[in-house]
K.L.:
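There's a structure below that I have some questions on.
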Amino acid sequence: MAEAQDACRQLLPRAIFGINGKVENGVRQHPRTGSIIFALGNKIGIADYKKNTQEFVAGHTNTISCLDLSKSGKYLASGQINHMGFRGYVIIWDYDSRKEIARHDLHKVSVQAICFTAEDRCVVSIGGVDDGSVIVFDMETFSPICQTPASRAISGNALTVRPLHNNPYFFVTAGDRHLRLWSILREQKKLYVQDVLMASKTRVFYCARIDKKDEFAYLGTGTGDIVKIVLNCCDRDHVSREGSTSCILGAFGTHNPRKPTGKDCNRFVNGVRALYILEGGRLLIGAGNGDIELVEERTDVPLINFREYPGPTWPYLRTLKKTHVSGRISSFVRSTTDMFYICTDTNEIYGLKINSWVLKLLRTCHTKSVFCITFPKNYSAVFATSGKESIRIWSSGRKQELLRIMVYNFNCACVRFTHDGTSIVSVWNDGIIRAFTPITGRLIYAIPNAHNKGCSALAVASTGRLIVTGGIEGQVRVWKIEPYRQALLGVLKDHSGPITSLDINYLDTEVISACTDGSCVIWDIKRMTRKQVVTANTQFMTAAFFPTGVQVITCGSDGRIIYWMVYNGALIRELTASKKSSVNCLAINDTGDYFISVGSDLQVKLWNYNSGAVVGLGSEHASSVISCAYSPCMSMFVTGSTDGSLIIWDVPREFWGRPNPPEGPRYSLPKTSSKNKFREVPSRVNSGTNLKTVKGENIDGLLKATPKDDLCCVECPPCAKKEEKKDPYAECGIVPDVRKC
């Protein structure tokens with residue numbers, strides 16, 4: 001047993017694509033190393049894009065909901081969201097050692113926001129809707145010192161917290177009809193609070209920024225305007241100067257000079273979600289619809305002149321520059337004086353240069369679960385993934401996304417390349433089979449109503465003229481694909497649950513379907529009949545043929561991996577991959593010597609097929625792993641998880657596998673000059689190898705057609721049939737006069 005554990009090697013990731021852009025202000029840059037720090041599932045990712053390296057810090061038991069980095073870069077703080085009835089943890093980390101220093105679980109269910117105060121003195125955290133408290137954690141004693149309700153009974157919940165730059169005992173909380181200024185009394189273990197006077201204005205605040213002198217604060221609201229307040233901060237005992245209080249100066253929008261007075265104020269669509277204060281009083285604003293604007297306060301009109309303005313929002317901001325990204329802005333990170341990193345809720349990171357105003361897409365990943373991963377036949381340079389509303393083609397060498405095919409409001413359940421590389425075939429949960437070109441992403445054909453409850457699985461024959469699909473209703477359907485016509489050949493009915501996977505053997509004669517009803521069926525697609533049925537007390541997730549087609553390997557929700565004989569359906573071997581969670585996917589290399597398994601235990605395992613031993617183990621994922629694929633070159637494989645992240649793993653050289661069977665010595669007959677010259681008669685049997693492929697797009701030309709650091713995004717046109725106009729004379733039975741035009 002000890003020898004088996006010693007033989008298990010640690011798998012190393014070659015590249016990781018993943019970020020959780022839905023965390024507000026959840027992206028940070030370390031001031032010393034320049035690494036990008038972000039949340040991904042229940043782990044904190046630290047990525048160095050210059051060296052193309054990435055590592056994770058684990059310790060949370062559920063999804064991370066907030067994150068902050070101290071000004072000195074010495075500490076990290078993170079909070080999580082938990083299930084109802086459980087506590088939400090706040091963890092303090094040491095950045096250099098990547099280890100946990102302290103934690104507390106005083107919040108209920110979730111932690112809404114967190115921040116370090118100036119000089120790294122305290123950590124302030126705000127609870128979610130079920131908690132509603134402010135907790136101050138002292139960094140000298142590493143213990144909480146006070147806990148107070150964040151809001152009054154007449155106001156809403158706090159959504160964000162922001163510290164002051166110069167005083168380590170002041171911070172501001174903002175939220176739903178909530179804006180308060182706090183001071184910390186460390187010796188007395190108390191908090192003093194003062195409500196900011198908002199006059200008659202009521203807002204929901206999503207983000208806040210304070211200038212470096214701690215005089216003014218700018219807050220982004222849900223109504224699409226910027227609220228500016230004066231702080232009037234003084235000593236800790238009085239919160240503000242005697243005889244004065246913190247109050248609002250106005251709610252500002254952008255000025256539109258083309259419209260008359262009273263209608264010349266524009267607000268930001270879907271609210272202001274991110275703010276950053278630049279030099280010279282300029283503001284960088286990110287809106288909920290993806291608009292990014294660089295604005296400044298107007299100097300041609302005094303602020304006092306807007307008191308008689310008819311609207312509640314004053315046009316006091318002038319737009320200098322404007323651009324747009326996809327998704328809602330969630331974070332602004334200043335990398336250099338000129339460079340900004342912009343993170344969106346679509347899990348994308350953009351780079352924006354302020355002076356030249358050049359926007360560039362830097363990092364991408366799926367927004368939700370990665371349902372399927374596939375490689376082209378005998379080509380490892382690119383691979384395809386399917387997820388929510390999109391099919392994405394990635395480069396394994398450049399480590400970037402090359403092509404994105406969008407079908408809005410629907411999910412792609414499975415995607416496959418044809419063996420000649422001329423098309424990408426996919427099935428969607430709207431019941432439509434779609435095929436696209438591999439370079440431009442153009443729609444080749446679409447088969448509507450392929451399954452009445454949506455498609456869930458797909459397999460493509462080696463000729464590319466036969467595809468097999470599985471549906472949620474439990475049917476397996478075989479389709480004949482021709483250049484101008486797609487026809488249904490047969491419907492195979494035996495399952496009573498959704499089809500989870502399909503696989504065709506190398507001879508294109510048999511297909512195996514796995515189902516959640518606890519059965520796997522081997523079908524003869526030539527005669528459209530059932531050959532064998534294997535059953536087990538599990539929900540089968542994946543079934544795959546051995547490369548020679550004599551055996552089948554399956555996995556399911558019980559955590560077992562089972563070998564079956566194709567000839568009679570006999571059970572050969574059982575392996576226990578996980579004792580507590582399910583095994584979600586399997587992938588075998590082309591030689592059949594090794595295979596990989598992924599599951600809900602967040603682990604990726606590399607197995608020896610013959611011995612049934614684990615030879616490699618990887619644990620870099622932060623959520624359940626549900627898809628995987630082996631590359632044709634057998635030196636790497638790719639895995640995908642429910643949080644949208646992708647990881648390319650390197651396979652150790654000794655686990656690449658050998659050809660099965662191994663190549664023997666080749667002999668050639670000596671050339672003899674015979675007087676009797678026989679005419680070469682062409683073979684009557686054509687296996688399809690001498691068919692000439694039609695000139696057009698092929699997957700091997702995608703890398704050459706796509707420039708480096710560029711992405712092609714294509715929207716698929718709707719596939720619904722046009723409604724035919726009704727005959728106005730059909731109901732009454734009147735025959736119109738054919739002589740009239």
Side-chain angles (χ1 to χ4, degrees), residues 24-25 155-156 159-160 162 172 174-179 196-211 216-230 247-278 281-332 340 342-346 350 352 354 357 359:
E24 301 294 337
N25 297 318
S155 61
L159 300 178
T160 184
R162 179 64 57 181
V172 177
D176 182 10
R177 295 165 289 131
H178 173 103
L179 184 56
V196 178
L197 297 180
M198 293 293 295
S200 60
K201 292 180 173 58
T202 302
R203 296 287 190 274
V204 179
F205 301 102
Y206 289 127
C207 56
R209 287 285 179 177
I210 301 173
D211 64 347
F216 302 101
Y218 296 87
L219 299 104
T221 67
T223 54
D225 48 15
I226 306 294
V227 171
K228 183 179 181 181
I229 64 172
V230 57
C247 62
I248 184 174
L249 293 180
F252 305 148
T254 56
H255 175 59
N256 188 353
R258 298 183 179 182
K259 292 186 178 181
T261 304
K263 299 181 180 180
D264 56 345
C265 183
N266 293 336
R267 297 183 181 91
F268 295 93
V269 182
N270 296 338
V272 178
R273 299 290 182 160
L275 271 174
Y276 200 92
I277 303 176
L278 300 174
R282 297 180 300 169
L283 295 175
L284 186 64
I285 300 174
N289 66 335
D291 288 338
I292 302 172
E293 292 191 16
L294 182 65
V295 301
E296 66 176 1
E297 296 181 2
R298 294 172 61 184
T299 57
D300 55 342
V301 181
L303 183 61
I304 195 172
N305 291 3
F306 289 100
R307 288 187 175 181
E308 304 299 330
Y309 192 79
T313 303
W314 302 341
Y316 194 60
L317 300 177
R318 180 188 294 110
T319 302
L320 302 178
K321 298 176 182 178
K322 185 178 181 179
T323 187
H324 183 82
V325 298
S326 63
R328 171 176 56 86
I329 311 296
S330 60
S331 300
F332 279 143
F340 271 85
I342 301 169
C343 183
T344 66
D345 66 340
T346 56
Y350 295 83
L352 177 64
I354 297 297
W357 203 251
L359 184 69

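Residues take their numbers from the sequence shown, with the count starting at 1.
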K.L.:
Just to verify, what does Ile292 make a side chain to side chain contact (heavy atoms under 4.5 Å, CB included) with, not counting sequence neighbours?
P.N.:
Leu284, Thr323, Val325, Ile329, Phe332, Ile342, Leu352, Trp357
K.L.:
Please report the shortest heavy-atom distance between Gly253 and Thr313, naming the atom on each side.
P.N.:
N-CG2, 3.4 Å
K.L.:
Check side chain to side chain contact (heavy atoms under 4.5 Å, CB included) between Thr223 and all other residues, then give those that pass, not counting sequence neighbours.
P.N.:
Arg203, Thr221, Asp225
K.L.:
Minimum heavy-atom separation for Trp314 to Gly250, with atom names?
P.N.:
CZ3-CA, 4.2 Å
K.L.:
Listed by chain and number, what are the salt bridge (charged side-chain N to carboxylate O under 4.0 Å, His left out) partners of Arg282, not counting sequence neighbours?
P.N.:
none
K.L.:
Looking at residues at least two apart in the chain, or sitting in another chain, which of them share a side chain to side chain donor-acceptor pair (under 3.5 Å) with Asn266?
P.N.:
none
K.L.:
Distance-only, no hydrogens or angles: does the Thr346 side chain make a donor-acceptor pair with backbone N or O of Gly327 under 3.5 Å?
P.N.:
no
K.L.:
Does NZ or CZ of Arg209 lie under 6.0 Å from the centre of the six-membered ring of Tyr218, at an angle within 45° of the ring axis?
P.N.:
no
K.L.:
Going by the rule side chain to side chain contact (heavy atoms under 4.5 Å, CB included), which residues pair with Leu197 if we only count those two or more places apart in sequence or in a different chain?
P.N.:
Thr245, Cys247
K.L.:
Measuring from atom CD1 of Ile229 to atom CE of Met198, what distance do you get when rounded to the nearest 0.5 angstrom?
P.N.:
8.0 Å
K.L.:
Just how far is it from atom NZ of Lys263 to atom CG of Asn256, taken to the nearest 0.5 Å?
P.N.:
12.5 Å
K.L.:
Could you note down all residue pairs passing salt bridge (charged side-chain N to carboxylate O under 4.0 Å, His left out) where residues 297-317 supplies at least one of them, sequence neighbours left out?
P.N.:
Lys228-Glu297, Arg298-Asp300, Asp300-Arg318
K.L.:
Report the residues that fulfil ring-ring contact (aromatic ring centres under 6.0 Å, His included) with Tyr350, sequence neighbours left out, ordered by chain and then residue number.
P.N.:
none
K.L.:
Can you sort out the partners of Thr202 under side chain to side chain contact (heavy atoms under 4.5 Å, CB included), two or more places apart, ordered by chain and number?
P.N.:
Arg177
K.L.:
Where is the tightest heavy-atom contact between Asp264 and His255, given as atom of each residue plus distance?
P.N.:
OD2-CE1, 3.1 Å
K.L.:
Hey, what do you get for OG1 (Thr254) to CG (Leu283), rounding to the nearest 0.5 Å?
P.N.:
12.0 Å
K.L.:
Out of curiosity, Ile277 CD1 to Phe216 CZ, how far, rounded to the nearest 0.5 Å?
P.N.:
10.5 Å
K.L.:
What's the shortest heavy-atom distance between Leu219 and Ala174, and which atoms?
P.N.:
CD2-CB, 3.6 Å
K.L.:
Report the residues that fulfil salt bridge (charged side-chain N to carboxylate O under 4.0 Å, His left out) with Arg328, sequence neighbours left out, ordered by chain and then residue number.
P.N.:
Glu24, Asp345
K.L.:
To the closest 0.5 Å, what do you measure between CG (Leu159) and CZ (Phe205)?
P.N.:
10.5 Å
K.L.:
Partners of Lys201 by salt bridge (charged side-chain N to carboxylate O under 4.0 Å, His left out), sequence neighbours excluded?
P.N.:
none
K.L.:
Kindly compute the distance separating CG (Leu294) from NZ (Lys322), expressed to the nearest 0.5 Å.
P.N.:
13.0 Å
K.L.:
If you take all heavy atoms of Ala251 and Val227, which pair is closest and at what distance?
P.N.:
CB-CG2, 4.1 Å
K.L.:
Using the test ring-ring contact (aromatic ring centres under 6.0 Å, His included), find all partners of Tyr316 that sit at least two apart in sequence or belong to another chain.
P.N.:
Phe252, Phe306
K.L.:
Should Val196 and Val172 count as side-chain neighbours, where that means a heavy-atom distance under 4.5 Å?
P.N.:
no
K.L.:
So which atom in Ala274 and which in Cys207 form the shortest heavy-atom distance, rounded to 0.1 Å?
P.N.:
N-SG, 3.7 Å
K.L.:
Which residues satisfy the ring-ring contact (aromatic ring centres under 6.0 Å, His included) test with Tyr276, sequence neighbours excluded?
P.N.:
Phe340
